Structure formats: structure tokens, C-alpha cells
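Data first, discussion second: the structure below is written as C-alpha cells.
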Amino acid sequence: MVSRREGVLVAEQQRKDRNDLVGSRAVIVLGAILVAAVLLITSYEIWRQRTVALSSSATNLEALAVALAEQTERSIRNVETVIDAVLESIDEGGGIENANSADMHRELRERAVGVPQIAGIGLVDSTGLGVNTLVHWPTPPFNVADRDYFQFHRDHADKAAHIGALTSGRLSDREMITISKRISGRDGSFKGVVLATILPGFFHEFYARVLPPTHNSAVALFRIDGMLLARVPEAPGTKLGKSYAHLPDFQPGEPRSGLVRGPSPMDGAMRMVAFQTLERYPLKLNLSLDEGQLLASWRGNTLRLAAFGVTATILLTSMVFLLVRHMRGEEQSVRQLRDSENRLRLAQFTLDHAADMVFWATMDGRVIYANRAACERTNVTVEEASTVTVAELDPAFSPEMWQGHLATLRRDGTVRYEAVHRPRKGRPFPVDVVITTVMWEGQESLCAFVRDITDRKQAEAALAEQAISLEASNAELEQFAYVASHDLREPLRMVNSFVTMLSKRYGDKLDDEARDYIAFAQDGAVRMDRLILDLLEYSRVGRLDRPLVPTPLGQCIDLACRNLLLAIDESGAAIDRDTDFPMVMANEEELVRLLVNLIANALKYRAPDRAPRITIGAERRDDDILVTIADNGIGIAPEYFERIFRIFQRLHGRDRYEGTGIGLAICKKIVERHGGRIWVESVPDQGSCFYFTLKPAPTP
Ligand code: ADP
């Protein structure tokens, strides 16, 4: 048993082991947190840089869009101012009817000076017929009655400037943006139109100058209904004058200014677009940049950051892995060390508290260690035990004996013997000694286990004594039974013969009652003789002159059946028996007697209503042979299964079945002397089965 102190130590160490495990787990958790933190910070930084890049660009873009819209508006406003001045001149000159003059042409030229965006000015009457132009004099014939701006002014009394659809001029093939105003009579009637044109190139040039050279920036000027009037730079999908009215930007309810992101319908690039609707004019300006290019530098940074994150993660993971492996290795070796310390401590504890004596000694007989029991039994202290020699512990241990043991040890590797240990002090006692060799600190040493066998020796001696006296009393008893039964028969025979003589000689003179008495006496004498004979037989079982030898079981069964031939015939019994029976270790005479007794009983205790059927068999079991003799007789109640094997035990009166009650007792004695066992299984009124075992004869 482990002492309380040892138990506490072990528990303490197990707690430490758990703590160590907690240490390496903490490192893993810490490592995981660090890796997660690195990944989180890296991801956050990537996200932050992207957000910063996008939001600062968005702010710049929006500011620039506002500036460009204002500038665009100013340009158109200047043109409108020129138109207003021309309108005034027409009014002052007596209307459009008088405007086809060189003076008006000159005035137009003067008005246009300093307004470079104006590509042309045209005055048309209420039929759409050209009256005067900025570029040509005399005015060539042209008509604009089919143009949208003409029709607009004709149909609307609105005095505001109208931005027309991008159209090619009547006098030149160039595409132009038209800004026009209505000429109204004093009664408000439609008198014609003053129109000024701006080439898209003006805006192209202007926008190109202010456009940031990076990120594939673009500016587009749309009419509020979605018609594209100008775009810088040109893109393959760009077509001036084309309507983009289907885009969400031009749907009713859209804000006047703002920022959107999405794929460009012009060049397909993912764009960030700042849009701004002009204050005075139904125009919308889109300033956009390619998000892909905008984020290019961010992407470079992202790659660097990701590389940093991955490298840091790998480094951290490897460090944690190595650290944990190192710690686990250390923990394992510490645990192994503690385990082996524990085992050692327990081994030491077991050794100290063992009931047997244990000695370690050098090959020359010097004691290295003696356990507690050894110290106590040899009367030495623990300190002395490591300084004495074997010969000092037991003065009877001679150098010759020592050498003898060493020789056996070298030959067999171990020595076992019994001896009497004679300690320096105290009484000698018998011991059982086992010596083996063991390597101790590189030296071959001896380990001896010495057991005090005083009790065993005493028990053995007592047992031997008992066996001897038992044998003697058995022999005496057998002798007595034999002699008694043998000698008893003689006077009995005398009684019987004189009673018979009495009956023969004086039978006539006696009355019936006296004759009955004589008959009873004769019957008693006969039964007594039977009893004595059976007792004689019982006492003879196991006599030394009947040794057990290999005997054919089958032949013994034949012999038994032959002995009982008359009874078998009389009862009409059928005997079923195996054909093949093994050889058994038996005395033939006793085996036949055993079989005769059992078969005779099977015949005797037959059922009155059926002929007896007896089955005899034998089967080989693990280390014996089981013989069965089964009948279909009257059977035996289970409570008598044991009793019937005792001497003089009978279940029936003599009036029903003759017998002495010794038959099965003889069977039991025979079987047990043969080293076997006998028992019965039975069902009343159905039959009984007697089993007994015998030892098989050794195979030759
Ligand atoms: P005995 O036959 O002389 O009475 P045994 O010792 O042979 O004495 O048998 C003891 C008792 O066991 C018998 O009296 C009988 O009642 C019972 N017995 C023995 N063999 C059988 C059997 N085959 N069938 C039924 N009963 C039996």
C-alpha cells in the first residue's frame, strides 16, 4: 500500500504535470491570439488604406466636378450674354426683318470678340430662314425650321436660353452645341431665333487642360435628357450626340449632384463618378476616374501588407510550434522522470514493507542493501546492513557453500534452495532462498529473496504426522473389519447349522409358533451372513495387492454382464452398450464389481410396468473418462442423490427390495480409490443415470 505521504507526493506531481500542460496550452492560445491579431491588423490596414484612397479621391473628384460645372456654366453664360446683346440690337434695329445688314454682321463680329467658345452666331426669322451670321457675309441662304431649337422657341414663349441637341451646322459640316433664345415681338409673337454655337472641341480642350492626368480620368457633359455633348478623353464607345437617357443617372428624381460607382457605359471600366447638374442650364457634368487604376497603388500596398501578414503569421506559427514542441518535449521528459521516480519510490516502498527478506550483495558476499524485514530478522540496523558480509549475517554460511551457489548461479542464472538460517542472535529458522544475478552500477551483483518458512515447515510436519497416523488407523480399521467379518462368520455358521439341525430333528415335535421362530432365526442368520460378506467386500476395496493397471473397460462390462446373465434373462432386460470402450487405469476385479453393482441395481429397481432397458456408454473428456449407466427404472428423488452412496442407506424396506445398503457405498469407495467421482441424476418413475469417472490408461 502507498503511504499517505507517498500518495500526496504523487498527487502533487500529477497536479504539476497538469500545470505544465496548461503552460503549453497557454502558449498555443497566446500564439493563436497573436496570429489572429496580425491578420486582423493587416486586414484592417488593407481595408483602411482602400477606404482612405477611395474617400480622398471621392472628395477631390467631387470638388473638381463642382469647379468644372461652374466653369462650364460660366462659358455658356458668356455666350448667353452675347445672345442677349444681339437680341437687344435686333430690337433696337427694328426687329429681325431689318437684321439682314452689314452693320448687324459687323456687330455680331464685335460681340463675339473675347468669347472664344462661340463658333458661330445665326439670326433666323419666324420661318426658319437665315437672316444674318457671324461667319458669312452676305448671308448665304439656309433654313433651320426643322431644327429642334427652332421648333422649341416657336412653340414656347419661354425667354430662357435653350441648349439644343448636338447638331451639324447648316453652313458647315461640323457638330455643334447650340445655345439659342427666342426673338419675340412686342405682342409676344414668335419672330425668330438668335442662336450661338459652341464646338464640342472647346469643352474638350478646356476639360483636357484641367483633367487630372492620372487614373484614366474622364469628363462628360450631358444634356439633362441624357444626350452626350462632350467627353474627354474619347473612348471607343463614345458617340457625341448619343442619348444615354436609359441610364439611371438621367431618371427623374435623381439627385442633382453626388457620387456613384459602377461600370462605365463608355469604356466599360469600373469608375467612380462625381456628377454635378449646372445651376442655370439643363446640363449635367460627369467627372470620373478608373477605380482600378485608382486602387492600383493601394493594391501594391495590399500585396506588401498581405506578404507581411503572411510572413508574420508563418513566423509566429513556426515560433509557437517550435516553442510548444520544445515545451511538450520538456514536459514529457519531466513526466517520464517523475513517473520513473514514482515507480522507484513505490518499488522501494514495496521492498521495504515486504514480508520476505531481500538482500542485495556483491559477488564476493558483501551486503549492499537489506530491506526492513531482512534487518529485523537478522538483527542488524539499516546502517549496519550495508557494511556486513553474508557470512557475518549467518555464521553457518561457509565460503564453500557460497562458492557452490555462485557456481549454480553462473550455470542456471538462478539458485533456489531451502536451508536453516542461523542468525548471530536469536533462534535459527528454516528459510526458502531464491538468488538471482542483477547488474548494479555496472557490476554483476546478487539479489536474494529469503522467506521464513517456519510455519510451512510446521504445517508440513503436522500433516505428515497426521498422514502416518491416519494410514496406521486405516490399516488397523481395515484389518479389524476384515478380521471381525471373517471371524464373525464362523459362529454365525454354527448358529445357522444348529438351528437347521434343531429344525430337522425336532421340527415334528414343535408347534407352528416354535417353527416360525426357528425360520426367523435362520433368515436372520442368512441376512447377517450377507451383511458380513458385503462388509468384508467393502473393507477389501483398495487393498494394496490390487494395483491400478491399464484395463480394457469394454471387457470389464462384458464380464459384469456375464455375471448377471441369469438376472438379465429373468427380467427380460435389454442392454444397449457402445461398441468401442477405452482402456482405463483400473483394477479389473474392482471395476467389474463396480459395474456389477450398478447394473444389478438397474435390474433390481426396475419399474413394474416395463421391461428394463439399460444403456452403458463412455466418453473421453479433458483428462478423464466419463462412464454412464442409465436405466428406465423407478428413479430416485433428488433429495436422496447424496444419501444413497452412504453405507447402509436404503430407500426401501426389505419386503419390497432385497439388499443391505452397502452396494453403492462400495461403488463410491472403488471409484474414489481409482481417482474418480461418482454421482447420480434421476427423475422418479422415469429412470436413473449413474455417472462415474476413471483415469484413461496412458497411450502406449
Ligand atoms: P441396496 O441395493 O443393497 O439397497 P445400494 O447401496 O446398492 O443398496 O443402494 C442404495 C439405495 O439406492 C437402494 O436401496 C435404492 O433405493 C437406491 N438405488 C440404487 N440403485 C438404484 C437404481 N438404479 N434405481 C433406483 N434406485 C436405486
Side-chain angles (χ1 to χ4, degrees), residues 481 485 489 523-542 556-557 559-561 563-577 589-618 626-674 676-693:
S485 44
R489 284 192 82 197
D523 185 44
V526 169
R527 271 196 299 116
M528 186 142 178
D529 191 45
R530 279 269 311 278
L531 260 173
I532 290 170
L533 275 176
D534 279 354
L535 265 179
L536 201 61
E537 182 60 37
Y538 184 78
S539 72
R540 275 183 184 154
V541 174
C556 294
I557 294 169
L559 224 58
C561 290
N563 286 353
L564 293 166
L565 206 55
L566 206 64
I568 293 171
D569 280 353
E570 264 174 19
S571 61
I575 311 260
D576 294 336
R577 40 160 294 178
E589 193 186 332
E590 289 188 348
L591 184 54
V592 172
R593 177 73 205 228
L594 166 69
L595 292 163
V596 165
N597 279 5
L598 293 174
I599 298 168
N601 275 355
L603 294 169
K604 183 163 45 164
Y605 298 105
R606 64 178 176 266
D609 58 338
R610 54 186 180 258
R613 169 170 290 276
I614 302 168
T615 311
I616 307 171
L626 178 71
V627 185
T628 46
I629 298 178
D631 63 50
N632 61 345
I634 58 171
I636 305 163
E639 60 266 34
Y640 301 121
F641 284 180
E642 287 282 333
R643 215 170 99 179
I644 54 172
F645 291 100
R646 290 188 216 141
I647 197 160
F648 300 135
Q649 294 295 325
R650 306 203 66 226
L651 305 184
H652 309 281
R654 259 186 307 111
D655 49 333
R656 287 192 62 195
Y657 297 99
E658 262 302 322
T660 56
I662 298 180
L664 286 181
I666 291 176
C667 291
K668 188 167 188 274
K669 201 171 171 195
I670 292 174
V671 171
E672 284 176 355
R673 145 163 153 83
H674 280 69
R677 206 165 70 80
I678 184 166
W679 70 99
V680 67
E681 282 173 12
S682 174
V683 180
D685 298 331
Q686 286 190 20
S688 312
C689 185
F690 284 83
Y691 298 90
F692 64 88
T693 58

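Atoms within each ligand, like the ligands themselves, are counted from 1 in listed order. These numbers come from a predicted model, not from an experiment. Only heavy atoms go into these numbers, but all of them, side chains included; no hydrogens, no water, no symmetry mates.
Using a heavy-atom distance under 4.0 Å as the criterion, the protein contacts of ligand 1 are N601, A602, K604, Y605, D631, I634, G635, I636, I644, Q649, R650, L651, H652, G659, T660, G661, I662, G663, L664, S688, F690.
Counting only residues at least two apart or on different chains, the salt bridge (charged side-chain N to carboxylate O under 4.0 Å, His left out) pairs with a member in residues 659-672 are K668-E672. Evaluation of the salt bridge (charged side-chain N to carboxylate O under 4.0 Å, His left out) test over residues 591-601, restricted to residues two or more places apart or in two chains, returns E537-R593.
Across all non-hydrogen atoms, the minimal contact from K604 to G659 is NZ-CA, 4.0 Å.
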Using atom types as modelled, flag every donor-acceptor pair under 3.5 Å from a side chain in residues 633-642 to any protein atom, sequence neighbours excluded.
none

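The aromatic rings of W679 and Y691 lie parallel to each other, with less than 30° between the two planes, well short of the 60° mark.
Atom CZ in R489 sits 12.0 Å away from atom CG in L531 (nearest 0.5 Å).
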